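Worth knowing before you read on, the calculation uses all heavy atoms, side chains too, and leaves out hydrogens, waters and symmetry mates. Values in this document were obtained by computation on a predicted structure and should not be read as measured data. Order of listing sets the numbers, starting from 1, for every ligand and every atom in it. Start at 1 with the first residue, then count along the sequence.
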Amino acid sequence: MDLHKQAIVKKFGGTSVGSVERIEHVAGLIARERAAGKLPLVVASAMSGETNRLVGLGNQIDPMYRGPAYDMLVASGEQVAIALIVIALEKLGVPAKPLLAYQLGIETDSVYSKARIKNVNTAELEALLNQNIVPVIAGFQGMDEDRNITTLGRGGSDTTAVAIAAALRLGACEIYTDVPAVFSADPRLVPKAREIAKLSFEEMMEMASLGSKVLHVRSVEIGAKHNVRIHVRHTFQEREGTWIVPEGEIMENPVVSAVTHDSATVVIKLQPIPPQTEFMAKLFSTLAAKGVSIDIISQSESADGHRLAFSVTSEDEPLARQVMKTFLPPSVKMDVLDGVAKISTVGVGMRNHPGVAARFFSILAKHEVPIHLVTTSEIKISAIIDRERLETAARALHTEFSLDQ
Ligand code: ADP
Ligand code: ASP
Ligand code: MG
């Protein structure tokens, strides 16, 4: 048996295991693959809606709580899913073993609710594969040095899957989901979005970090670093989807490859702030110490004094508010804008094509979309706008950059 040629990691997302019928469909897919001589390893998310339900329960008691109990709570949905998959596989005569992260040895740091994988122990996986038993692994979770359960951040099952493929030195990893491919925009928001056959790791990384839910950003980082190509495809359609590959393998790049959005963002505005840089240094280190990650920052001067605005994810809003309450002197007025969203265009082609920013802002101006914050990099432009203008802005940018199908 050649483990490296035959083993293939298959990750199934929440919708793919969202009901008993779907779980049985997934089991059938795995059984067929095994019958064809492959050695599948399965990674699964919780059944759709389950993680949100668990987060909601915790929030009812204390929305600010972060720590091992939070991760134990939200990680529990995956346990149910993998047990059901194993039951369905064994019903089909396929020997399988359910594995939680601590049983397998997925070691992470102790940053609860946003932990990073440090190491994946492959000994048990290799032993199971050698016996032709299908390992069915709980995604999204890990274990820290003190044997606490940790979680990798929302959408983190993708990362479990790619990390396992990397640890086994496999060249690819399959992500089965509820869309047939990665699209040039979220098809739910932009109906004219089209499928992308091949996308570079770099672009996918930007898209994921700018809010495109289709892949967890860490999964793409790990794929890029360890040369694991990621194949995003539909669970219920037997055809190829999108391959995420090194940039060098893509012959032609459009100027803009995708329009990405993130509705889970809030802007915090402070005014007037003390002019000393030390104030910002202290503010951001206090937020960082609490685990709040800051996205876009803008500072300006006006007749009313210095003004600071920055964005954080909606998930971190309660925590950020709490930090502000204790940190800010009474003279500083705080405004929280929560009816906002981030809209971005992404493309490695932007490197060689000047004028993308001009087109981006002209389109937003033409459609009367006011902008709260802006940030750019070599391959992306992002703006925070009012959420009620998101659909208009996304569709207009998609058309402007010739992405409509
Ligand atoms: P899973 O539960 O399988 O992990 P997710 O909900 O995490 O699925 O990710 C799939 C969803 O990502 C799709 O249903 C789609 O609405 C959303 N999405 C956002 N941007 C894109 C995009 N550019 N291409 C495809 N899907 C996208
Ligand atoms: N179940 C987790 C979540 O909903 C992890 C995942 O879906 O990848 O975030
Ligand atoms: Mg997901």
Side-chain angles (χ1 to χ4, degrees), residues 10-19 22 26 43-56 70-71 73-82 101 113-115 137-142 149-163 173-197 199 203-220 230 232-236 241-242 244 256-264 313 315 341-347 390 394 397-398 403 405:
K10 293 176 174 288
K11 180 262 172 177
F12 296 90
T15 331
S16 311
V17 296
S19 67
R22 290 182 173 190
V26 163
V43 174
S45 300
M47 296 170 80
S48 54
E50 181 60 10
T51 312
N52 284 345
R53 188 183 73 85
L54 296 166
V55 168
Y70 180 85
D71 291 51
L73 169 72
V74 301
S76 64
E78 272 66 16
Q79 177 165 342
V80 173
I82 59 166
S113 83
K114 288 179 192 162
I137 304 138
F140 181 50
Q141 50 178 258
I149 293 173
T150 55
T151 52
L152 309 178
R154 297 305 305 271
S157 298
D158 302 326
T159 297
T160 308
V162 180
C173 177
E174 293 187 299
I175 304 287
Y176 286 86
T177 184
D178 60 358
V179 279
V182 177
F183 283 77
S184 53
D186 187 338
R188 294 186 209 190
L189 186 72
V190 182
K192 288 185 180 159
R194 65 169 160 214
E195 291 183 26
I196 303 174
L199 198 59
E203 285 171 308
M204 190 64 237
M205 233 180 295
E206 279 288 7
M207 287 172 67
S209 70
L210 293 169
S212 168
K213 265 189 15 162
V214 66
L215 283 175
H216 191 236
V217 63
R218 278 289 292 153
S219 71
V220 191
I230 303 176
V232 177
R233 59 193 310 188
H234 206 294
T235 309
F236 305 101
T242 300
I244 319 292
V256 165
S257 297
V259 173
T260 299
H261 76 283
D262 186 356
S263 307
T313 66
E315 204 183 359
K342 184 162 62 178
I343 181 92
S344 313
T345 53
V346 177
L390 177 63
L397 287 167
H398 198 267
L403 296 172
Q405 60 169 345

Find the distance between CG (L54) and CG (L73) and round it off to the nearest 0.5 Å. 5.0 Å
Using modelled atom types and a 3.5 Å cut-off, is there a donor and acceptor pairing between side-chain atoms of T159 and backbone atoms of S219? yes
What atoms of ligand 1 come within less than 4.0 Å of a heavy atom belonging to M207? 23 (N)
Starting from atom 4 (O) of ligand 2, which protein heavy atom do you reach first, and at what distance in Å? R154 NH2, 2.9 Å
Please determine if G153 has a nitrogen or oxygen closer than 3.5 Å to a nitrogen or oxygen of ligand 2. no
Ligand 1-proximal atoms of H261, by part, heavy-atom distance under 4.0 Å: neither
Atoms in ligand 2 flagged as close to T51, the criterion being non-hydrogen separation under 4.0 Å: 1 (N), 2 (C), 3 (C), 4 (O)
Quick one: does K11 get an N or O within less than 3.5 Å of an N or O on ligand 1? yes
Give me the atom names and distance for the closest heavy-atom approach of V17 to A46. CG2-O, 3.9 Å
Say whether G14 and ligand 2 are in contact under the criterion: heavy-atom distance to a ligand atom below 4.0 Å. no
Examine distances only and state if a side-chain atom of Q141 and a backbone atom of A75 form a donor-acceptor pair shorter than 3.5 Å. yes
For atom 7 (O) of ligand 2, closest protein heavy-atom neighbour: S45 OG, 3.4 Å
Just let me know how S45 lines up against ligand 1, side chain, backbone, both or neither, with a heavy-atom cut-off below 4.0 Å. neither
Without swapping roles, check the side chain of R22 against the backbone of T15 for a donor-acceptor pair under 3.5 Å. yes
What is the nearest protein non-hydrogen atom to atom 2 (O) of ligand 1, stated with its residue, atom name and distance? G14 N, 3.0 Å
Is E78 in contact with ligand 2, taking contact as a heavy-atom separation below 4.0 Å? yes
Check whether any side-chain heavy atom of Y176 lies under 4.5 Å from a side-chain heavy atom of H234, and answer yes or no. no
Expected output: side-chain D158 to main-chain H216 donor-acceptor under 3.5 Å: yes
Shortest protein heavy-atom distance from atom 3 (O) of ligand 1, along with the residue and atom involved: T177 OG1, 2.7 Å
Where P187 and A193 come nearest, the two heavy atoms and their spacing: CA-CB, 4.3 Å
Once you round to the nearest 0.5 Å, how far does CG of L390 lie from CG of L189? 5.0 Å
Minimum heavy-atom separation for E203 and G347, please, with both atom names. OE2-CA, 3.3 Å
Out of all atoms in ligand 1, which are within 4.0 Å of some heavy atom of V179? Include the element for each. 13 (C), 14 (O), 25 (C), 26 (N)
Check if G155 has a non-hydrogen atom at a distance under 4.0 Å from any atom of ligand 1. no
Could you find the nearest protein heavy atom to atom 13 (C) of ligand 1 and give me its residue, atom name and distance? D178 OD1, 3.5 Å
How far is atom 7 (O) of ligand 1 from the closest protein heavy atom, and which atom is that? K213 O, 3.5 Å
Under 4.0 Å from one or more heavy atoms of A181, ligand 1 contributes atoms 25 (C)
Considering distance alone, does some N or O of K11 sit under 3.5 Å from an N or O of ligand 2? no
Treating T151 as the side-chain partner and F140 as the backbone partner, does any N or O pair qualify as donor plus acceptor under 3.5 Å? no
For ligand 1, which atoms have a heavy atom of G13 less than 4.0 angstrom away? 1 (P), 2 (O), 3 (O), 4 (O)
Would you mind checking which non-hydrogen protein atom is closest to atom 16 (O) of ligand 1, with the distance to 0.1 Å? R188 NE, 2.8 Å
Within this structure, what is the CG-OG distance for the pair L199 and S257, rounded to the nearest 0.5 Å? 6.0 Å
Sub-4.0 Å heavy-atom approach of G139 to ligand 2: no
If we set the cut-off at 4.0 Å for heavy atoms, which region of A193 has an atom near ligand 1: side chain, backbone, both, or neither? neither
Side chains of V55 and E315, heavy atoms from C-beta outward: is any pair under 4.5 Å? no
A student checking ligand 1 against A185 at a 4.0 Å heavy-atom cut-off should list atoms 22 (C), 23 (N)
Sidechain-backbone polar pair: T235 side chain, T177 backbone, donor-acceptor under 3.5 Å: yes
Nearest-contact summary for atom 17 (C) of ligand 1 - protein heavy atom, Å: D186 OD2, 3.7 Å
Once you round to the nearest 0.5 Å, how far does CG of D262 lie from CE of M207? 12.5 Å
Closest to atom 23 (N) of ligand 1 among protein heavy atoms sits F183 O, 2.9 Å
Atom 20 (N) of ligand 1 sits nearest the protein heavy atom S212 OG, 3.1 Å
